[in-house]
S.K.: 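Just dropping this structure here.
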Amino acid sequence: MSVTIIPLANPKGVKKLCELCQKPAKLQCTKCLVTFYCHPDHQQTDWTSIHEKVCPLLVSIHTPAPFGTLQSDQEDHRKERVKKQEYLIEMAHLEAQRWVSKKRFHDVLPAALLFLRWAMQVYGTCAVELVPAYLLLAQANIGLGSLSQAHDYLSKAEWTVMKTPGCSHTVLHQLHRTLGRLHSAMGKYTSALTHFANDVYYASEMFGLDSTVTSGGYFLMAEVFLKQNKPDIALSLYTEVASSWHTHLCELMDDMSQSGTQPEECFDEAQCVEAEQMLRCILEFEEQCVKPRPDQSAGLAHSLAMLSLLCHNYTKALEYGKKAEVLIQGLSEQNRLRESIHNLLQHAEKMLE
């Protein structure tokens with residue numbers, strides 16, 4: 001005789017709490033039956049941010065092993081449940097990053113909170129694996145102007161890092177980058193630059209001085225120098241960022257050309273959006289300079305075209321490629337760049353046919 005196991009949403013005596021604010025809840029998700037909300041607005045916000053993607057997975061995670069199964073089967077069920085929890089954590093992490101890149105900070109919060117709660121369940125309440133969730137929550141609150149709340153999350157991240165001997169340089173660079181963002185938003189530009197300098201140091205130790213990851217710290221430093229009315233310093237940093245990205249994207253395009261095939265996803269959606277925003281910002285700054293540098297502008301437009309092509313946005317690749325083609329006209333000693341732009345335009349047009 002088969003027995004249907006119905007997952008228990010809340011054990012008897014356990015209060016139902018809102019997924020977003022932890023206040024007493026009166027609404028229940030009718031699909032997973034394990035998620036509750038205090039108000040329809042919170043339910044809709046959570047659904048848009050993350051719940052639609054994880055609702056079926058939550059059912060699976062909350063389903064207990066059938067009663068009376070062997071010890072070995074129960075252990076297999078436990079291991080499978082942990083794998084599903086780790087997958088849930090990764091999904092929430094990626095979704096929160098995606099919303100950050102789109103500057104949809106209200107949508108970041110539910111995904112980042114889900115990421116944090118499940119990371120606590122899987123890794124413990126003091127684990128370094130919680131730091132990325134704290135940083136995403138801090139970034140969202142910075143974007144929303146809730147600087148005191150951002151400070152609270154960053155304090156938790158700092159405390160966790162302090163209690164983790166041998167913390168990776170990746171975590172340290174992400175921590176200092178977010179601290180720099182907070183101090184910049186607070187108008188504390190000197191301390192912001194200190195944090196961004198530490199960000200660059202740890203990122204370069206992990207990824208290399210010329211990497212695009214490290215260049216993100218230079219870009220943020222440039223923005224602070226602009227706030228301090230120091231455009232010359234900002235321009236030199238922007239030039240460094242543009243050079244790193246152009247070199248990296250050219251290498252990816254060369255790999256594609258040599259293989260003769262369209263590459264696998266080089267960037268996820270969040271990385272595409274963030275990189276485009278950064279490069280477009282630098283291009284706009286170049287175009288507004290008192291002394292224009294058409295060679296730099298052409299290189300930036302070329303970078304944006306390559307990025308768009310590698311992210312499979314061929315319409316944008318064509319748009320930026322044509323802009324680069326116009327900018328390079330009249331420039332001498334740019335034959336290699338001119339040829340590269342021409343090849344890119346041909347490729348983008350072919351993909352749009």
S.K.: Test your reading of the model: is there a side-chain donor-acceptor pair from T247 to the backbone of S244, 3.5 Å cut-off?
M.R.: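 No, because the side chain of T247 does not come within donor-acceptor range (under 3.5 Å) of the backbone of S244.
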S.K.: Atom NZ of residue position K31 - does it have more than 12 heavy atoms of other residues, nucleotides or ligands inside 6.0 Å?
M.R.: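 Not buried by this count: 12 neighbours or fewer within 6.0 Å.
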S.K.: So, taking the atom named NZ in K84 and the one named NE2 in H62, what distance separates them when rounded to the nearest 0.5 Å?
M.R.: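 These two atoms lie 12.0 Å from each other.
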S.K.: Distance alone, cut at 3.5 Å: any donor-acceptor contact between the side chains of H183 and S191?
M.R.: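 Side chains of H183 and S191: pair found under 3.5 Å.
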S.K.: So, E52 and T48: side-chain donor and acceptor under 3.5 Å apart, yes or no?
M.R.: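 No, no side-chain donor-acceptor contact under 3.5 Å.
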S.K.: Answer whether the closest heavy-atom distance between the side chains of L114 and V54 falls below 4.5 Å.
M.R.: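 Answer yes - side chains close enough.
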S.K.: Can you check ring pair (Phe, Tyr, Trp, His ring centres under 6.0 Å) on H93 and F115, steps first, answer last?
M.R.: CA-CA 6 Å; H93 188 179; F115 173 19; 4.6 Å; yes
S.K.: Classify the ring geometry of F285 against Y238: parallel below 30°, tilted from 30° to 60°, perpendicular beyond 60°.
M.R.: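 Aromatic pair F285/Y238 classed perpendicular.
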S.K.: Within the distance-only criterion (no hydrogens, no angle test), does the side chain of T194 pair as donor or acceptor with the backbone N or O of T190 below 3.5 angstrom?
M.R.: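 Yes.
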S.K.: Are the side chain of T63 and the backbone N or O of V59 linked by a donor-acceptor pair below 3.5 Å?
M.R.: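 The answer is yes, because a donor-acceptor pair under 3.5 Å joins these two groups.
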S.K.: Is any side-chain heavy atom of W99 closer than 4.5 Å to one of S49?
M.R.: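 In short, these two side chains touch, coming nearer than 4.5 Å.
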S.K.: Is the closest side-chain heavy-atom distance between M256 and L309 below 4.5 Å?
M.R.: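 A side-chain contact exists here, since the closest heavy-atom pair is under 4.5 Å.
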S.K.: Between the side chains of R293 and T239, is a donor N or O closer than 3.5 angstrom to an acceptor N or O?
M.R.: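 Yes - a donor-acceptor pair under 3.5 Å links their side chains.
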S.K.: Do Y201 and M206 have side chains that approach each other closer than 4.5 Å (heavy atoms only, starting at C-beta)?
M.R.: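 Contact flag for Y201/M206 side chains = no.
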S.K.: Between T45 and H106, do the side chains contain an N or O donor and an N or O acceptor separated by less than 3.5 Å?
M.R.: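 Checked: T45/H106 side chains show no N/O donor-acceptor pair below 3.5 Å.
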S.K.: Below 4.5 Å, heavy atoms only, C-beta onward: do W245 and S215 meet side chain to side chain?
M.R.: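 When only atoms from C-beta onward are counted, S215 and W245 do touch, with a gap below 4.5 Å.
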S.K.: Quick check against the 3.5 Å criterion: does S146 have a side-chain atom that pairs as donor or acceptor with the backbone of Q149?
M.R.: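 Not a single qualifying donor-acceptor pair exists.
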S.K.: Charged N to carboxylate O under 4.0 angstrom, E325 versus R338?
M.R.: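 Answer for the salt bridge query: no.
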S.K.: Hey, are the side chains of L352 and T315 touching, using non-hydrogen atoms and a 4.5 Å cut-off?
M.R.: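 Touching, per the 4.5 Å side-chain cut-off.
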S.K.: Below 4.0 angstrom, N of the basic side chain to O of the carboxylate: do E19 and R117 qualify?
M.R.: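 Salt bridge between E19 and R117, a charged N being under 4.0 Å from a carboxylate O: yes.
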S.K.: Once you find the SG atom in C311 and the one in C272, is the distance between them below 2.5 Å?
M.R.: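 Their SG atoms fall under 2.5 Å; a disulfide, then.
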S.K.: Quick one about Y153 and N141 (side-chain donor to acceptor, distance below 3.5 Å, no hydrogens or angles considered), yes or no?
M.R.: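 No, because no side-chain N or O of N141 sits under 3.5 Å from a partner of the opposite role on Y153.
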S.K.: Any non-hydrogen side-chain atom of K291 less than 4.5 Å from a side-chain atom of C289?
M.R.: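 Heavy-atom side-chain distance check fails, nothing below 4.5 Å.
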S.K.: Decide yes or no on side-chain hydrogen bond (donor to acceptor under 3.5 Å, both in side chains) for E276 and Y320, but give the supporting numbers first.
M.R.: CA-CA 11 Å; E276 183 185 357; Y320 285 125; 3.1 Å; yes
S.K.: Should C281 and F219 count as side-chain neighbours, where that means a heavy-atom distance under 4.5 Å?
M.R.: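 When only atoms from C-beta onward are counted, F219 and C281 do touch, with a gap below 4.5 Å.
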S.K.: Answer yes or no: is there a donor N or O on one side and an acceptor on the other, between the side chain of S243 and the main chain of E240, under 3.5 Å?
M.R.: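 Checking the backbone N and O of E240 against the side chain of S243, no donor-acceptor pair under 3.5 Å is found.
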S.K.: Spell out, as yes or no, whether a donor-acceptor pair under 3.5 Å connects the side chain of T214 to the backbone of D210.
M.R.: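 No, the answer is negative, given that no donor and acceptor are paired below the 3.5 Å cut-off.
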S.K.: Any sub-3.5 Å donor-acceptor pair from E95's side-chain atoms to A111's backbone N or O?
M.R.: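 A pair under 3.5 Å: no.
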S.K.: List the steps, then state whether ring pair (Phe, Tyr, Trp, His ring centres under 6.0 Å) holds for Y202 with H173.
M.R.: CA-CA 5 Å; Y202 288 117; H173 111 74; 8.8 Å; no
S.K.: So does I61 get a backbone contact from the side chain of R81, meaning a donor-acceptor N/O pair under 3.5 Å?
M.R.: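 Yes, R81 side chain to I61 backbone: donor-acceptor pair under 3.5 Å.
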S.K.: Looking just at side-chain N and O atoms, do E353 and Y314 make a donor-acceptor pair shorter than 3.5 Å?
M.R.: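 No, no side-chain donor-acceptor contact under 3.5 Å.
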